Structures are given as C-alpha cells and as structure tokens.
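Below you'll find the structure, written out as structure tokens, and then a few comments.
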Amino acid sequence: MMKAAVFKQKGGDLEIVEVPVPEPKNGWVRIKVHSCGVCHSDNACKYGSFGNSYPRIPGHEVFGEIEKLGEGVDPNYYPVGKLVGVGWYGGNHCGKCRECLNNQWIFCKESLICGIHYDGGYAEYMVAPADSLAFVPQGMNAEETAPLLCAGITVFNSFRNQNIKVGSLVGVQGLGGLGHLAIQFCKKMGYEVIAMSSGDQKETLAKELGAAHYVNISKDGWVDQMKAIGSVQCVLLTAPSSSIVQSSLEALGVNGKLVLLAILPEPFNANSLTLIGGNKSIIGWSSGDSRDAEQTMDFANKNQVKAMIKTFPLENVNEALLKIADARFRHVVKIL
C-alpha cells in the first residue's frame, strides 16, 4: 500500500488515502516519487476541465526514480534506479500519425496527460508510459527540479522556438511561477530582458534574476517606456491578463512576437492595424514533450537556472494547492 492525495469527486478537496501500489502494464514504468510540483492546472483535475474521471490522483511535475519496468520496456535504456521526470506530456504517442511524424508528440491524439488521464505524482508511487519519461541530469535537486517539468519547459521551449536573434530585447510579463523562470532562461540564453510587472516592489528581485530593465505596467506610459528602451522582439505573456494583450503588441518592435503562455480568463482584443503595421504576431505555445523536458533540465542544470520554491509534506497538499496564487514562486510536495 502507499499514501496518495486523491480527488474522489468533482470539485472536492484532496484526500490523503492508502491505495495499492500500481503495477506497470506493457510499455509503462513504475516510478518511486521523490517530489511533485504544484501547478494551477491541477485545479483542472479538481473540476474535470479536461474530462478526467474520478477518483484521480493529480500532479504533473514529477521527479522520481524508475522502480519497476512493465513488459516491453528496454531495461538498458530505462534502468531501474534512474532519475526521471514526468511533465504535462504524459506519453503514449502512436508514432504513426501526421503529428508524430512531424515530431509533434504532444499533439498526437493518443497522447495522454499525466495527472489527468492517469494518476499523477501526488503519491509515493505512480506508473507512466515509458515515452513520458525525461532523464534527469546528475546532481539536480528533487524539489527545485520538479517545477521545470511544467513551468520551466513552458517558458524555455516556447521561447527557443521563436528564433529570436541572440542579444535582442525580450520582455517577460508577469513575475510569478513562469515569469521568474523566464527571466532566468532568457538571460542565460543571451538576451537583454525587460521584466514587466505591476508595482515597483518586484524590481530588485527581477534584476537579481537577470533582468536588465524593469517596467511597471500598472503605470500610465509604460508602453512608451518599453519603446524608449529599444525594439522589443518578443514578449512572453506569463500571467493571465487579457487586457494587456493590445498594449503588449504596441510595445513590440517591428517583427515582434507576443507569445501567450497563460490561459487567459476571457477573450482578448487585438487591433489588426497594430499587427499588420509592424509585421507583428500573436503565438500560443503548448509546453513540450519528454525530449523538450530533458533539454530544459539540461540547460537549467548547466546554467544555474533555479526555481524559487516552498515545500509541503503530502499531508498538507490542500494548503499547497489552495495558496498557489500566493506562492513565491512555486509550491512543491516533498514525498521522499
């Protein structure tokens, strides 16, 4: 038997229960969980937003070690004891469809979401398809690494795929769970970063994380302030604010890209003239697969990109999820 935090019904709180240790089926692996990050998207499991069934154990920022292999899993490639991570991409891609053949595993119709379509990492053990596993570089800390498997990959993988010229000005809107990592990644990738947040109280921290500039977007005139700094080639929108989309487009330079990484609470307005007049674009990005997660962790490890975290025992997971909006900047459930 093992301890786990489970949503027994839609809209209910997590309950700590004793359940049987799961057995890995063909092509799956059992993981002994060391830690699991807490994400806003875990509330999607609570309310069934992605159609999950109940009971369900959430958690998709999983750091652990391979504990047992199912039939058909290569023990040479997936050795027992190997440290691995599992993120939002939960594996099970078919390898045959158009999306898979175009290397877009995450969009395969057979692909699963960890903690939604099967039980996730709010437990002492879990099972997952072998192709969901990302190998963890040696020496990485279990609690600090967990948030890289969702928040980290989202900002790193989205930005590196925009093909922005190294050295360019890049804005990071929001200084929260995604934003504090985005500043570090962009800085370490060779860009001049403008941190964009409300109020002046986060300026010192933003610059400590690597921002060269700070713009208070709650003040009038911030768009002009951005333009005065230079031609901003990309803005990563990491905090959910529909009202800032048009202003962010105006702050971009020619050929600038606004990358949406937050799920906005309502539709946004964007002036077509702003887009056409500056060859500007709005782009959405959906995190990445296990290969991207591996590269995210590798870059973070080599360049000292670290999540700022607060840890909770499994028994206090409801508090960790309930207070996630107050996190500075990610909550992590420590299990081992």
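In this text the structure is predicted, and so the values were computed from the model without any measurement. Residue numbers count from 1 along this sequence.
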#### Entry: Residues R30 and E67 bridged, charged N to O under 4.0 Å
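Here R30 pairs with E67 in a salt bridge, since their nearest N and O are under 4.0 Å apart.
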
Between the side chains of [X] and [Y], does any donor sit under 3.5 Å from an acceptor?
{"X": "H34", "Y": "E65", "value": "yes"}
{"X": "T274", "Y": "Q246", "value": "yes"}
{"X": "D200", "Y": "Y214", "value": "no"}
{"X": "R98", "Y": "Q104", "value": "no"}
{"X": "H117", "Y": "N52", "value": "no"}
{"X": "E250", "Y": "S248", "value": "no"}
{"X": "D292", "Y": "Y89", "value": "no"}

### Query
Looking at L249, L237, I282, which one forms a side chain to side chain contact (heavy atoms under 4.5 Å, CB included) with F268?
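Of L249, L237, I282, side chain to side chain contact (heavy atoms under 4.5 Å, CB included) with F268 is met by I282 alone.
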
### Query
Is there a donor-acceptor contact under 3.5 Å from the side chain of S111 to the main chain of F107?
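It does not hold such a pair.
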
### Query
Around atom CG of L336, are there more than 12 heavy atoms of other residues, nucleotides or ligands at under 6.0 Å?
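Counting other residues, nucleotides and ligands, CG of L336 exceeds 12 neighbours.
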
### Message
Is it true that, when you exclude D74 itself, more than 12 heavy atoms of the residues, nucleotides or ligands shown sit nearer than 6.0 Å to its CG?
### Response
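More than 12 within 6.0 Å, yes.
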
### Task
Could you tell me whether W28 and Y78 have their ring centroids closer than 6.0 angstrom?
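No: the rings miss the under 6.0 Å criterion.
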
### Task
Check whether the ring centres of F185 and F159 lie less than 6.0 Å apart, and answer yes or no.
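No; F159 has its ring centre 6.0 Å or more from that of F185.
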
### Task
Can you label the angle between the H60 ring and the W88 ring as parallel, tilted or perpendicular, going by 30° and 60°?
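H60 and W88: perpendicular rings.
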
